[in-house]
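Every value quoted in this text rests on a predicted model; they were computed, and no experiment measured them. Hydrogens, waters and symmetry mates play no part in the numbers below; they use all other heavy atoms, side chains included.
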Amino acid sequence: MQIATWNVNSLRVRLVQLLEWLAANSPDIVALQETKVTDGDFPVAQLEAAGYRALFNGQKSYNGVAILARAPLSEPALAIPDFEDPQRRVLAASCDGLRIVNLYVPNGQEVASDKYEYKLRWLRALQVWLRAELVRYPRLVVLGDFNVAPEDRDVHDPAAWIGSVLVSEPERAALRGLMELGLNDVFRRFEQPPQSYSWWDYRAGSFRRNNGLRIDLVLASAALAERCTACRIDRGPRSLERASDHAPVVASFEI
DNA sequence: ATGGTGGGCAGCCCA
């Protein structure tokens with residue numbers, strides 16, 4: 001079973017790329033972030049024709065998440081419990097005996113900004129929720145755009161990035177807090193090419209220079225992590241004309 | 001150091 005995550009940065013703009021990528025890769029479950037479409041505008045029919053059911057949690061202009069799956073999706077959750085948040089950044093569902101939690105973690109903009117404090121509060125509330133989810137659902141996958149590079153090896157130029165948003169120590173500590181619940185970054189269970197990243201800024205030729213960060217993650221509970229057989233970043237879609245600034249990440253499980 | 005690009009929606013917000 002293949003489970004993927006992809007920040008598409010506008011589903012409207014990226015729909016054709018997504019459909020072609022689905023046809024070429026046939027993942028079983030796909031978590032999308034930054035769909036930027038309201039639920040009424042979600043392209044249900046096109047995805048259904050491609051063989052995918054969909055759950056979505058969208059808003060106008062910003063954010064928005066969706067889960068696509070070949071098998072039925074059930075038990076949707078649209079928010080972190082007991083955390084007031086008008087931004088649509090969370091979508092959880094059960095599928096094929098797994099619990100999938102799709103996240104678009106706040107970017108944080110700049111260390112010490114209001115958006116940064118919101119990001120840290122958001123991650124704390126997320127940790128409380130995921131602790132409970134792990135009790136309810138031992139087969140848990142938490143994936144998406146985490147907007148945090150876990151370690152310096154996930155950063156193209158750690159010296160230049162030190163202390164910045166996406167790599168700052170409080171953000172990394174919050175991410176470690178999630179992992180210490182028993183969620184494994186499955187990408188690091190396998191040998192990977194050096195300088196593996198999942199996001200490259202649109203500016204300054206970042207992709208061409210491979211000036212990226214690895215901020216799109218697939219975390220799996222212990223019971224699932226041991227069944228993970230591969231995890232790779234697919235740079236293909238990032239090299240297309242009019243690409244998203246993120247590449248898809250695909251994890252394979254023997255289930 | 002700044003600003004470089006891209007998406008959304010209407011001159012600026014967000015990444």
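- Rounded to an integer number of Å, the gap from W200(A) CH2 to dG6(B) C1' is 16 Å.
- Comparing dG7(B), dT5(B), dC9(B) against the side chain of R12(A) picks out dC9(B) as the nearest.
- Taking only side-chain atoms of Y202(A), from C-beta outward, the nucleotide of dC14(B), dG8(B), dG6(B) with the closest atom is dG6(B).
- Distance CH2 (W199(A)) to C1' (dA15(B)): 8 Å, rounded to an integer number of Å.
- The shortest non-hydrogen separation linking L143(A) to I100(A) is CD2-CG2, 3.7 Å.
- One can place NZ of K119(A) at 11 Å from C1' of dA15(B), the figure rounded to the nearest angstrom.
- With rounding to whole Å, Q33(A) atom CD is found 18 Å from dG8(B) atom C1'.
- Comparing dG11(B) with dG7(B), their C1' atoms sit 15 Å apart, to the nearest whole Å.
- Where V13(A) and N63(A) each meet DNA chain B at their nearest nucleotide, the meeting point lying more 5' is that of V13(A).
- Rounded to whole angstrom, the span from the OH atom of Y62(A) across to the P atom of dG8(B) amounts to 11 Å.
- Going from the P atom of dA1(B) to that of dC12(B) covers 27 Å, rounded to whole Å.
- For R242(A), no side-chain nitrogen or oxygen approaches OP1 or OP2 of dT5(B) to under 4.0 Å.
- Backbone-only engagement by Y104(A) is indicated by non-hydrogen atom pairs under 4.0 Å involving sugar-phosphate atoms exclusively.
- The nearest whole Å value for the distance from the CG atom in D245(A) to the C1' atom in dG4(B) is 14 Å.
- Phosphate proximity of dG7(B) to R14(A): present, with a side-chain N or O under 4.0 Å from OP1 or OP2.
- Distances shorter than 4.0 Å separate none of the side-chain N or O atoms of K60(A) from OP1 or OP2 on dG8(B).
- Summarising the local packing, CD1 of I162(A) is surrounded by 12 or fewer heavy atoms from other residues, nucleotides or ligands at distances under 6.0 Å.
- At whole-Å resolution of the value, CG in N7(A) and P in dG7(B) are 12 Å apart.
- The nearest heavy atom of DNA chain B to D145(A) and to T35(A) marks one nucleotide each, and the one closer to the 5' end goes with T35(A).
- Residue contacts shown for R208(A) are absent, as no nucleic acid heavy atom lies under 4.0 Å away.
- Nearest heavy-atom pair across A243(A) and Y202(A) is O-OH, 2.8 Å.
- Sequence neighbours left out, the pairs with a member in residues 118-130 of chain A that pass salt bridge (charged side-chain N to carboxylate O under 4.0 Å, His left out) are K119(A)-E171(A).
- Atom CG in D201(A) sits about 16 Å away from atom P in dT2(B), given to the nearest Å.
- For the C1' atoms, the distance from dC14(B) to dC9(B) is 12 Å, rounded to whole Å.
- Between N107(A) and L166(A), the closest heavy-atom pair is O-CD2, 3.7 Å.
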